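This one's a predicted model, so the numbers in the text were calculated from it and none came from an experiment. Side chains included, hydrogens not; waters and symmetry mates left out as well; all remaining heavy atoms used.
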Amino acid sequence: MLALMLIRTATAEDWPAIWAFLRRIVAAGETYTYPRDLDEDRAREIWMLEPPSRTVVATDPDGTVLGSAKMNPNHMGPGAHIAGASFMVAPEHGGRGVGRALGEHVLDWARAEGYQAMQFNAVVESNTRAVALWRSLGFEVIGTVPKAFAHPTNGYVGLHIMHRFL
């Protein structure tokens with residue numbers, strides 16, 4: 001667990017650090033439904049959101065980017081009162097509380113912005129660390145789309161829809 005961690009709005013200057021781990025995570029094909037060959041321009045467009053959505057980074061005291069999260073309305077119009085979010089932690093910084101800190105930050109943001117709940121649309125069933133983290137933060141699996149994710153080593157696995165009221 002990191003003693004000190006700053007979570008702040010991501011800037012254009014943070015993108016190279018985010019892209020360094022985002023690229024590896026997406027290329028591994030184990031946790032995101034993004035194309036494994038996602039190019040940098042499209043990745044930046046997907047990840048670096050404009051207000052009222054938000055993208056943040058978690059940094060250590062020397063400014064190293066440890067992870068990032070993006071948060072936004074889960075749907076438009078009449079569904080815009082439910083927040084959504086995505087998270088990535090640099091693999092070399094995993095297991096240090098970065099994901100939990102980002103998750104707590106995102107939940108606080110969603111409450112402050114007036115959202116009524118948060119929903120994750122596609123948590124890969126075999127990503128047991130993420131599933132356990134979200135459960136520990138009050139999320140429930142409200143459904144699983146069977147065999148919806150082509151995992152590179154586990155074959156077809158389910159995608160959980162996870163939800164919690166705020």
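Linking ILVMFWY residues whenever their side-chain heavy atoms come closer than 4.5 Å, directly or via other members, leaves Trp109 and Val57 in distinct clusters. Under the 4.5 Å side-chain contact rule for hydrophobic residues, Val98 and Trp47 do not share a cluster.
Distance check, rounded to the nearest 0.5 Å: CD1 of Ile82 to CG of Asn72 gives 12.5 Å. For the atom pair CE of Met48 and OG of Ser53, the computed distance is 12.5 Å after rounding to the nearest 0.5 Å. Rounded to the nearest 0.5 angstrom, Ile25 CD1 and Met88 CE are separated by 5.5 Å.
Put simply, the side chain of Arg164 never gets that close to the backbone of Ala117: no donor and acceptor are under 3.5 Å apart. A donor-acceptor pair under 3.5 Å is absent between the side-chain atoms of His160 and the main chain of Met162, judged by distance alone. Between the Arg36 side chain and the Ala28 main chain, a donor and an acceptor come within less than 3.5 Å of each other.
Note on Arg44 versus Asp41: salt bridge recorded, some NZ/NE/NH1/NH2 to OD/OE distance being below 4.0 Å. Checked for salt-bridge contact, Glu92 and Arg24 meet the test: a charged N lies under 4.0 Å from a carboxylate O.
In this structure, Thr64 and Thr59 have side chains that are not in contact, with every pair of non-hydrogen atoms separated by 4.5 Å or more. Within the 4.5 Å cutoff, no side-chain heavy atoms of Pro73 are placed close to those of His81. Considering only heavy atoms from C-beta on, Thr55 stays 4.5 Å or farther from Thr9 through its side chain. Counting heavy atoms from C-beta on, the side chains of Phe21 and Val65 come closer than 4.5 Å. Leu159 places a side-chain heavy atom less than 4.5 Å from the side chain of Val124. A heavy-atom distance below 4.5 Å is not found between the side chains of Phe139 and Val123. Residues Phe120 and Ile161 have side chains not in contact (no heavy-atom distance under 4.5 Å, counting atoms from C-beta outward). Side-chain contact between Arg23 and Glu40: absent, with no pair of heavy atoms (C-beta onward) separated by less than 4.5 Å.
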Walk me through whether Asn154 and Val157 qualify under side chain to side chain contact (heavy atoms under 4.5 Å, CB included). CA-CA 7 Å; Asn154 297 338; Val157 298; 3.9 Å; yes

Is there a side chain to side chain contact (heavy atoms under 4.5 Å, CB included) between Ser68 and Phe87? Walk through the geometry before answering. CA-CA 6 Å; Ser68 182; Phe87 305 83; over 6 Å; no

- Candidate pair Ser136 and Arg100, rule side chain to side chain contact (heavy atoms under 4.5 Å, CB included), full reasoning: CA-CA 9 Å; Ser136 78; Arg100 177 172 297 281; 2.7 Å; yes

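Among all heavy-atom pairs drawn from Tyr115 and Leu166, the shortest one is O-CD1, 3.5 Å. Across Ala69 and Leu102, no two heavy atoms sit closer than the pair CB-CD2, 4.2 Å. Counting all heavy atoms, side chain and backbone alike, Ala85 lies closest to Met118 at CB-SD, 4.2 Å. Of all heavy-atom pairs between Pro16 and Ala12, the closest is CD-O, 3.8 Å. Shortest non-hydrogen contact noted between Val26 and Tyr34 is CG2-CD1, 3.7 Å. Here the closest heavy-atom approach between residue Pro152 and residue Gly29 is recorded as CD-O, 3.0 Å.
By the neighbour-count criterion of 12 heavy atoms within 6.0 Å, atom CZ of Arg129 is sparsely surrounded, having that number or fewer from other residues, nucleotides or ligands.
Of the N and O atoms on the side chains of His105 and Arg54, at least one donor lies less than 3.5 Å from an acceptor on the other residue. For the residue pair Glu125/Asn127, the side-chain donor-acceptor check at 3.5 Å is not satisfied.
Qualifying ring-ring contact (aromatic ring centres under 6.0 Å, His included) partners for His163, counting only residues two or more places apart in sequence or in other chains: Phe165.
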